[in-house]
Amino acid sequence: MDGTAVMNVFATVGRMFRGALWRDTNFLRFWFGQTVSEVGTAVTQLALPTLAIELLGARAFQVGILTALQMLAYPLLSMVAGVWADRLHRRPILIACDCARLVVLASIPLAYAMGVLTMAQTYVVALVVGICSVFFDVAYQSYLPSLVRREDLVEGNGKLTATGYVAQVIGPALAGFLIQALRAPLAILADSLSYVASAVSVATIGRPEPPPEPGGAAGSGFGVELSEGVRAVFGHRMLRALMSAGATANLGVSLIEAVILVFAYTRLHLTPAQVGIIYGLASLTAVVGSSVAGRIADTIGLGRTMTIGLLFLRSGYLLCPLALVFHPALVLGGIIIVTRFFEPIFNVNSISLRQAVIRNRIQGRANAVYRTFSWGAIPIGAFLGGILGTDIGLVPTLTVGAVIATLSAIWLLAGPLRTSQRTAVDGG
């Protein structure tokens, strides 16, 4: 990590403390609620599988199902959420999703206190939270332009992005210590309460939301609007290659994520506090990666940069057997921390390419289509990871996931993106 990269991280966070939006009380309410909610969400992402493993005795197959259910709604409902977020007022969607997540997550500590908590309940909670998150994420991205002036959008996105980074660093470490001190169900209670802050902050915004605009494609119905987004993605050679690479990478990554906590807790005997620190530091390296992703693309080209990101995305997990021989926390921590640097190297440039080649009028629907097919591999990989972790073992499953994630680069090496520089295609 060079000095410039570190300065870029501080500059990203520093954007939180500058700008005209500090005088906009409506934005500040929204920003506060999202910051609290982001930290709480990061807590549950670690606390829910930890609860399943340590309190309910879940093994690889059950954790795989839990991981799959958390992400199942993204491929199934993203396109539906994209169309509805363009048709309805976004603020009621945000509030409803926050309230639903509050209720279902609060059911975990309640059931634990009554002695009736089961894996079946954790499955239902994971599924419902995933559904709410899909609709919230789509509506949230579309709501900001109606909350702040157009000239303040960059500042608003900068503040929200910066606090998102901070939450990803603080959340896992906080989760580890909360789980260690209070046990996982009470750590999840912290997340459920965070949605109270988010819902109240959105509900008390005084600026009225403008009415939804008529849909595209001559307002000719849900199917026509959706098909326009499908054609935009599948009809473009670079986007097809990018989507295929993303889906393959997500398949391998989700195989790993389905079993990595089981491996950490049951084979390496790490504590929740150790795991929380590891993931917090890994998020910090991801911040560094995101800060240098654009500069790397400017230097060696967009295609080469995304290819490097995929080649090293999870290849380090091939070294996981070393954690069984040497210091487990240092070895596994090093693998996770280093590989997370390469995640935004691919993601940041992938998003930039999509924004450049997709016409502005259909950005929402086209991105929802892309997410549906690219993220559709995540629940599949998580489910397969659970099966393989049970049948062939944890370390072989981690190896299979690492190989698949690394092979995703073939889509770029063999396609039109191999030597692509920054695209000059008109965004429309």
Side-chain angles (χ1 to χ4, degrees), residues 45-46 49-50 52-53 58-72 74-75 126 241-270 275 278-279 282 286 306-326 328 331-343 345-347 350 373-414:
Q45 286 174 346
L46 180 59
T50 298
I53 295 167
R59 289 299 181 238
F61 179 69
Q62 293 163 305
V63 176
I65 293 177
L66 186 66
T67 305
L69 289 173
Q70 286 179 300
M71 300 302 298
L72 185 61
Y74 281 91
L242 197 63
M243 183 172 62
S244 300
T248 306
N250 285 334
L251 181 67
V253 169
S254 57
L255 270 165
I256 292 171
E257 295 303 317
V259 299
I260 189 63
L261 287 180
V262 181
F263 178 68
Y265 288 132
T266 65
R267 294 293 303 275
L268 303 184
H269 306 292
L270 301 185
V275 173
I278 288 170
Y279 276 94
M306 290 191 293
T307 301
I308 289 172
L310 291 178
L311 285 172
F312 295 98
L313 183 69
R314 289 295 186 273
S315 56
Y317 282 76
L318 294 171
L319 301 177
C320 277
L322 294 178
L324 296 169
V325 180
F326 301 105
V331 174
L332 184 64
I335 292 169
I336 294 174
I337 290 167
V338 172
T339 55
R340 281 294 297 275
F341 170 83
F342 293 95
E343 206 166 287
I345 299 298
F346 172 75
N347 288 337
S350 168
F373 287 92
S374 178
W375 289 26
I378 297 178
I380 296 173
F383 183 70
L384 291 176
I387 294 175
L388 292 176
T390 301
D391 289 347
I392 67 175
L394 299 175
V395 172
T397 301
L398 291 169
T399 302
V400 171
V403 170
I404 292 174
T406 305
L407 290 177
S408 65
I410 292 176
W411 290 103
L412 303 189
L413 290 170

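Because only heavy atoms are used, hydrogens play no part in the values below, and waters and symmetry mates are left out as well, while side chains stay in. Residue numbers count from 1 along this sequence.
Of the inter-residue distances, the one linking L398 atom CG with I256 atom CD1 reads 6.5 Å to the nearest 0.5 angstrom. Taken from CG in L311 to CE in M306, the straight-line distance is 12.5 Å, to the nearest 0.5 Å. The CG atom of L332 sits 4.0 Å away from the CD1 atom of I336 when rounded to the nearest 0.5 Å. Here CZ of F346 is found 4.5 Å from CG of L242. Values are rounded to the nearest 0.5 Å. In this structure, L384 CG and L251 CG are separated by 6.5 Å, a value rounded to the nearest 0.5 Å. For the atom pair OH of Y317 and CD1 of I260, the computed distance is 5.0 Å after rounding to the nearest 0.5 Å.
At a threshold of 4.5 Å between non-hydrogen side-chain atoms, the residues P75 and P379 count as touching. Side-chain contact between L69 and L72 is present, with heavy atoms from C-beta onward closer than 4.5 Å. Inter-residue side-chain proximity for V400 and L255 is flagged as met; some heavy-atom pair is nearer than 4.5 Å. The closest side-chain heavy-atom distance from L318 to V403 is below 4.5 Å. Contact annotation: the side chain of E257 never approaches that of M71 to less than 4.5 Å [non-hydrogen atoms, C-beta and beyond].
Taking both residues in full, the closest heavy atoms of V63 and A58 are given as CG2-CB, 4.0 Å, listed atom of the first, atom of the second, then distance. Between T406 and S315 the shortest heavy-atom distance is OG1-CB, 3.4 Å. Smallest separation of non-hydrogen atoms from A382 and A68: CB-N, 3.5 Å. Residues G381 and S254 come closest through the heavy atom pair CA-OG, 3.1 Å.
Exactly one of I335, L268, V331 qualifies for a side chain to side chain contact (heavy atoms under 4.5 Å, CB included) with C320. That residue is I335.
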Report the C-alpha distance between F263 and L324 in whole Å, list the side-chain angles of each, state the deciding distance to 0.1 Å, and finish with yes or no for side chain to side chain contact (heavy atoms under 4.5 Å, CB included). CA-CA 10 Å; F263 178 68; L324 296 169; 4.0 Å; yes

Which is it for F383 and T67 under the side chain to side chain contact (heavy atoms under 4.5 Å, CB included) test, yes or no, and what are the steps along the way? CA-CA 8 Å; F383 183 70; T67 305; over 6 Å; no

Side chain to side chain contact (heavy atoms under 4.5 Å, CB included) assessment of L313 paired with T339: CA-CA 6 Å; L313 183 69; T339 55; over 6 Å; no

Worked verdict on L261 versus L46 for side chain to side chain contact (heavy atoms under 4.5 Å, CB included): CA-CA 9 Å; L261 287 180; L46 180 59; 4.0 Å; yes

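Looking only at distances, a side-chain donor or acceptor of T390 sits under 3.5 Å from a matching main-chain atom of F61. Checking side-chain atoms of T266 against main-chain N and O of V262 turns up a donor-acceptor pair under 3.5 Å. Remark: the backbone N or O of I404 is not paired with any side-chain donor or acceptor of S408 at under 3.5 angstrom. The backbone N or O of G389 sits less than 3.5 Å from a side-chain atom of T397, completing a donor-acceptor pair. A distance-only check finds a donor-acceptor pair linking the side chain of Q62 to the backbone of R59 [under 3.5 Å]. Side-chain atoms of N250 come within 3.5 Å of backbone N or O of S374 as a donor-acceptor pair.
Donor-acceptor pairing under 3.5 Å is recorded for the side chains of T50 and Y265.
Applying the side-chain hydrogen bond (donor to acceptor under 3.5 Å, both in side chains) criterion to Q70, with sequence neighbours excluded, gives no partner residue.
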